[in-house]
Amino acid sequence: MPDQSYRTFLANLQQQGEMIHFTKEVDPLANMSAVEWKTYNDLGKSSLFTNIKGHDGWQACSQILADRGKWSIGLGIPEDEMLETMSLRLREPIPTEDVDPDGAPVREVILKGDEVDLNDIPAMITSEKDGGRFLASGMAIIKDPETGIRNMSIHRQQIMDRDKTGFLMLHRQARRIYDMYCARNEPTPVAMVFGVHPAIFFGSAYTTRFGVDELELSGGLLGEAVRMVKCETIDVEVPAEAELVIEGEVLPNHLEPEGPFGEVPGTYAMQGHSEIFKVKAITRRKDPIFYAIHCGFPVTDTQQTTALGIEIATREHLRNVEGGLDLRDIRCVTAAGLMMLVLKIRPRVEGQAKTALMAALSGPYLHPKVAIAVDEDIDAADLRQVIWSMTTRVHAEKDVVLIPNTRVFPLDNISPIVEGMDSLHRIGTKWMVDATMPAPTQVEARARFERAIPKNFDSVNLDDFLP
């Protein structure tokens with residue numbers, strides 16, 4: 001039976017030289033986040049910790065999905081085929097499969113009542129000014145109380161007590177379901193799942209239409225049904241091969257102070273209020289590997305995971321614009337905190353690049369506020385080439401367009417909050433840059449915009465010249 005955990009993926013990262021195994025002691029309250037962040041920032045590697053202060057029997061990993069190369073290893077898809085293959089697989093969801101809970105790895109240890117203590121989990125203090133320890137990699141699985149259809153999404157959880165966390169929700173699908181329970185004055189049953197196969201984790205970060213079970217989309221990515229088992233104390237199913245599940249309820253119509261927290265733009269979401277999650281049980285493996293995801297200054301797993309979802313969703317969105325655009329690539333710039341998109345496009349007619357940019361800025365995700373269109377000779381993943389294109393092919397008076405008074409990403413701190421509202425309601429300015437050559441372009445005009453690259457650049461193999 002194929003492995004649906006992330007353990008084989010972690011082993012593959014190590015085997016391919018993409019992970020560093022740390023055996024010296026690290027402290028999740030003092031230096032673990034610094035070690036894993038610098039390991040990726042300086043070396044481009046993931047981290048595995050097997051000696052964690054105060055957490056005997058636990059391991060932790062981080063920065064395991066911080067770039068497309070690591071996603072390629074996790075999903076078994078070549079990097080240059082990533083978006084196309086994922087898009088095709090997501091169009092063919094596979095229903096989940098219930099399996100016998102006896103022998104399910106995630107139920108090897110079951111803790112309830114006084115046995116529950118969230119402090120046993122090696123959650124980190126990640127950024128300098130964080131308000132405490134956060135569980136940031138948990139996938140919330142909840143059910144629509146009217147249809148029973150599951151929803152899966154990621155929520156940050158500040159640990160507030162041995163059996164209590166915050167539960168921050170944006171105005172999206174999970175909150176819509178939560179509001180249904182609040183209307184009944186009932187708590188919302190939630191299973192928080194940690195440590196799963198990358199295909200399952202992607203499903204939790206991908207935005208699709210309301211009423212679609214993201215676990216079925218994950219099955220499409222896997223190519224087989226996600227194997228599920230029933231929770232111990234709530235009517236929710238979870239992946240059988242996860243590392244850790246925290247079962248509980250989000251209290252209705254109840255808020256408590258939460259934050260600050262270093263968020264995906266690389267700035268802080270300041271202290272505010274959030275809903276509260278009360279723990280009823282914890283189930284886990286005997287030898288759990290906690291996914292200590294890093295959220296904060298880019299680049300981290302959080303930016304790349306969401307970026308991949310933005311890229312695929314925007315690509316699907318643009319398929320319907322003008323009967324289908326000749327889109328060659330799309331990149332959500334992780335270093336820009338998810339707020340910049342680069343479209344690599346072959347415009348068929350003058351003005352089509354701007355049409356694509358407008359559509360991209362009004363797509364399924366709020367995150368992007370800057371969109372740049374480049375020609376097919378530009379590598380959309382190479383910011384050096386993108387910036388060159390912006391400086392040599394942009395006539396700002398006609399190629400830079402500002403769109404004021406639009407709703408923007410709630411974590412875009414430079415944009416003002418609507419008076420009397422909270423940070424989930426920001427109004428700012430989106431802007432688009434058409435860095436494509438005039439179309440149709442004459443031979444003489446094209447020559448003015450061509451890159452001056454070395455002679456025979458494409459035919460030279462450096463291995464033939466190195467000692």
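These numbers come from a predicted model, not from an experiment.
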### Short side-chain donor-acceptor distance under 3.5 Å, Y40 and D67
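Result is yes, a qualifying pair exists.
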
Without swapping roles, check the side chain of [X] against the backbone of [Y] for a donor-acceptor pair under 3.5 Å.
{"X": "R331", "Y": "A380", "answer": "no"}
{"X": "K45", "Y": "G17", "answer": "yes"}
{"X": "S33", "Y": "T126", "answer": "yes"}
{"X": "R285", "Y": "E108", "answer": "no"}
{"X": "S62", "Y": "A292", "answer": "yes"}
{"X": "D301", "Y": "L65", "answer": "yes"}

To the closest 0.5 Å, what do you measure between [atom1] ([X]) and [atom2] ([Y])?
{"X": "D329", "Y": "E311", "atom1": "CG", "atom2": "CD", "answer": "7.5 Å"}
{"X": "I276", "Y": "L255", "atom1": "CD1", "atom2": "CG", "answer": "8.0 Å"}
{"X": "R426", "Y": "M421", "atom1": "CZ", "atom2": "CE", "answer": "12.5 Å"}
{"X": "I246", "Y": "K280", "atom1": "CD1", "atom2": "NZ", "answer": "15.0 Å"}
{"X": "E275", "Y": "H155", "atom1": "CD", "atom2": "NE2", "answer": "10.0 Å"}
{"X": "R150", "Y": "L215", "atom1": "CZ", "atom2": "CG", "answer": "5.5 Å"}

Non-hydrogen side-chain atoms of [X] and [Y] separated by less than 4.5 Å:
{"X": "T283", "Y": "V238", "answer": "no"}
{"X": "H367", "Y": "F409", "answer": "yes"}
{"X": "F22", "Y": "E36", "answer": "no"}
{"X": "L48", "Y": "I64", "answer": "no"}
{"X": "I52", "Y": "P28", "answer": "yes"}
{"X": "I282", "Y": "L244", "answer": "yes"}
{"X": "R89", "Y": "L221", "answer": "yes"}
{"X": "Y206", "Y": "S218", "answer": "no"}

### Query
Taking the six-membered ring for Trp, are W58 and F290 parallel (under 30°), tilted (30 to 60°) or perpendicular (over 60°)?
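W58 and F290: perpendicular rings.
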
### Task
If the plane angle is over 60° it's perpendicular, under 30° parallel, otherwise tilted; pick one for W71 and F202.
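Perpendicular, since the angle between the ring planes exceeds 60°.
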
Greater than 12 external heavy atoms within 6.0 Å of [X]'s [atom1]:
{"X": "E92", "atom1": "CD", "value": "no"}
{"X": "D100", "atom1": "CG", "value": "yes"}
{"X": "L88", "atom1": "CG", "value": "yes"}
{"X": "R184", "atom1": "CZ", "value": "yes"}
{"X": "K53", "atom1": "NZ", "value": "no"}
{"X": "R91", "atom1": "CZ", "value": "yes"}
{"X": "D56", "atom1": "CG", "value": "no"}
{"X": "E186", "atom1": "CD", "value": "yes"}

Distance-minimising heavy-atom pair for [X] and [Y]:
{"X": "S127", "Y": "G262", "result": "OG-CA, 4.0 Å"}
{"X": "W431", "Y": "T429", "result": "CD1-O, 3.8 Å"}
{"X": "S415", "Y": "I427", "result": "CB-O, 3.9 Å"}
{"X": "D120", "Y": "H55", "result": "O-ND1, 2.8 Å"}
{"X": "A191", "Y": "C231", "result": "CB-SG, 3.8 Å"}
{"X": "L118", "Y": "K164", "result": "CD1-N, 3.8 Å"}

### Message
Does R156 qualify as a cation-pi partner of F261, given the criterion of NZ or CZ under 6.0 Å from the six-membered ring centre and within 45 degrees of its axis?
### Response
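Not flagged: R156 not positioned over aromatic ring of F261.
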
### Query
After noting the C-alpha distance and the side-chain angles of I289 and Y6, does the key distance pass the side chain to side chain contact (heavy atoms under 4.5 Å, CB included) rule?
CA-CA 9 Å; I289 306 174; Y6 71 170; 3.7 Å; yes

Output yes when [X] and [Y] qualify as a salt bridge under the 4.0 Å nitrogen-oxygen rule, no when they do not.
{"X": "K112", "Y": "E115", "result": "no"}
{"X": "K430", "Y": "D412", "result": "no"}
{"X": "K344", "Y": "D379", "result": "no"}
{"X": "E84", "Y": "R315", "result": "yes"}

### Check against side chain to side chain contact (heavy atoms under 4.5 Å, CB included), E237 and T96
CA-CA 10 Å; E237 301 79 31; T96 61; over 6 Å; no

### Query
Under the side chain to side chain contact (heavy atoms under 4.5 Å, CB included) criterion, do S72 and M82 qualify, and how do the steps go?
CA-CA 7 Å; S72 175; M82 185 80 69; 3.9 Å; yes

#### Entry: With sequence neighbours excluded, residues passing side chain to side chain contact (heavy atoms under 4.5 Å, CB included) with V333
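In terms of side chain to side chain contact (heavy atoms under 4.5 Å, CB included), with neighbours along the sequence ignored, V333 is linked to A335, A336, M340, V342, L383.
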
### Message
Just checking Y291 against F201, ring centres under 6.0 Å apart?
### Response
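Centroid separation for Y291 and F201: below 6.0 Å.
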
#### Entry: side chain to side chain donor-acceptor pair (under 3.5 Å) involving T300 - partner list, sequence neighbours excluded
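Residues passing side chain to side chain donor-acceptor pair (under 3.5 Å) with T300: T302, Q303.
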
### Query
Run the side chain to side chain contact (heavy atoms under 4.5 Å, CB included) check on V264 and C295 step by step: do they pass?
CA-CA 6 Å; V264 288; C295 190; 3.9 Å; yes

